[in-house]
Amino acid sequence: MGDINALKSIGLKTILWFLLSSAFAAGVGLIFVNIIKPGIGITLGSVENAMATEATLPGPYEIILGLLPINPIKSLADGDMMPIIVFALILGFAIIYLEESRTKELINIISVITDAMLTMIGWIVKIIPFGVFGLMSVTMIKFGTSIFGPVFKFIITDYISALTVTLIFYPIVLIVLGKVKPLPFFKKAFEPWLIAFSTCTSSAALPVSMRVAPEKLGVDDKVSNFVLPLGATANMNGTNIYFACIVVFAAQLYGIELSVGQQIFIVLQGTLLSVGCAATPQIGLIISISLLTQMGLPLEATALVAGIYRIIDQIHTATNSLGDLVTSVIIAKSENKLNTDDYYNMSL
């Protein structure tokens, strides 16, 4: 937003809600992955390997310490996402406090680097299928077709979690915080939801969402113009569900028991990582590798899921996009910038 004062009202509420809703979504994913247990039924590693892996899992103290950017350059070189995100936040606030005339060139450089990195990610995404094919071939040779049972159960777990957030959590939020009925919202938000579901990118649904919010849902355009673009990269409820599910799924495949404390910190890490996700297809798959690496878990779970990631990424992205519109409604309501007449007008 370029101004600390602007964060005091709309910005602060929006960012706080993004974090809370993402954490809740991850919690829903944890509940269902622990109930359904998709990783139970096939063991990819021996007991010795599982015990060795379990020994590397960090505790709460190590995880908190791991958030601190002691050496940002080393974190960049090692691909250690959490300290990078924390350092980026600190650097961003420092830039805001400086005079704009002194920081304009730096901001332009950062923007160019960001665009370049996203272009590189686009190239990586194109070659991912070849790597996935190799990883899945090796796994198939080792374990046969029995691996498809856990994969199918993982899809079911992921969809149930996402639909719970969409059909239960979002309506409750609209009723309690937005003080509006959910049905008009879902009817008018179906178009951007469908686009997000079919394209697997929040960026594709963003222009439609920015039209639907002010024109059909009655959200003041100043609110929607801030909330929706920010939400496209910082409000990843569906992706956060996946992060929670994939970590526990990987642990189950290797017979590793994750403590309650470790699972709580999975929620924290997933929330921060989801804020750092770009709104591009398959970005959750790429980021999840960093999450599994940081938790000291094997990456074979990602290899299994990668082959069907497009299927689950559809519901992730649709949940993300719908969450942005929900946020715009409740923030507009809290700021008295929601036109309820337009919201309930079904002819719009």
Side-chain angles (χ1 to χ4, degrees), residues 1-23 26 58 60-124 202-203 206 225-237 239-240 243 265-280 283-284 286-291 293-295 320 324 327 331:
M1 297 183 70
D3 182 6
I4 288 294
N5 293 325
L7 294 175
K8 292 181 179 179
S9 184
I10 296 176
L12 184 60
K13 290 177 183 177
T14 301
I15 294 170
L16 180 61
W17 176 250
F18 283 170
L19 294 173
L20 291 175
S21 62
S22 295
Y61 172 78
E62 288 80 7
I63 293 176
I64 293 176
L65 192 63
L67 297 175
L68 303 178
I70 298 174
N71 187 337
I73 304 301
K74 185 177 185 298
S75 296
L76 286 167
D78 294 341
D80 195 358
M81 289 293 297
M82 306 310 296
I84 294 172
I85 291 175
V86 173
F87 177 75
L89 289 171
I90 296 173
L91 177 62
F93 280 114
I95 290 174
I96 290 174
Y97 272 104
L98 297 175
E99 295 179 4
E100 184 178 355
S101 59
R102 299 176 60 193
T103 61
K104 186 175 181 180
E105 291 184 2
L106 176 59
I107 292 173
N108 289 336
I109 291 173
I110 292 174
S111 297
V112 171
I113 293 175
T114 299
D115 292 339
M117 293 301 296
L118 291 178
T119 300
M120 291 173 62
I121 289 174
W123 295 342
I124 294 170
S202 298
S203 295
L206 180 59
N225 287 342
F226 171 75
V227 172
L228 295 176
L230 180 63
T233 56
N235 188 35
M236 300 282 188
N237 295 338
T239 305
N240 218 24
F243 288 154
F265 276 97
I266 289 172
V267 172
L268 173 63
Q269 287 185 306
T271 299
L272 294 178
L273 283 173
S274 66
V275 171
C277 282
T280 57
I283 190 66
I286 297 172
I287 299 298
S288 66
I289 294 174
S290 298
L291 181 57
T293 301
Q294 187 162 1
M295 294 296 295
N320 294 342
D324 298 340
T327 303
I331 297 299

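- Counting heavy atoms from C-beta outward, I331 and F226 have side chains that stay 4.5 Å or more apart.
- With rounding to the nearest 0.5 Å, the separation of OG1 in T103 from CD in E105 is 10.0 Å.
- Rounded to the nearest 0.5 angstrom, I15 CD1 and I10 CD1 are separated by 11.5 Å.
- Side chains of V86 and L68 form no contact here, defined as non-hydrogen atoms less than 4.5 Å apart.
- Looking at heavy atoms from C-beta onward, F18 lies in side-chain contact with V227 at the 4.5 angstrom threshold.
- In plain terms, the two heavy atoms of A232 and D324 that are nearest each other are N-OD2, 3.6 Å.
- At a threshold of 4.5 Å between non-hydrogen side-chain atoms, the residues L230 and N235 do not count as touching.
- Here the side chains of L106 and I110 are in contact, with some heavy-atom distance below 4.5 Å.
- N237 places a side-chain N or O within 3.5 Å of a backbone atom of S22 that can act as its donor or acceptor partner.
- Here the CD1-CD1 distance, from I95 to I107, works out to 6.0 Å after rounding to the nearest 0.5 Å.
- Residue I90 comes nearest to P69 through the heavy atom pair CD1-CG, 4.5 Å, listed as atom of the first residue, atom of the second, then distance.
- With values rounded to the nearest 0.5 angstrom, I73 atom CD1 is found 9.5 Å from I84 atom CD1.
- The line from CZ of F87 to CG of N71 is 10.0 Å long, rounded to the nearest 0.5 Å.
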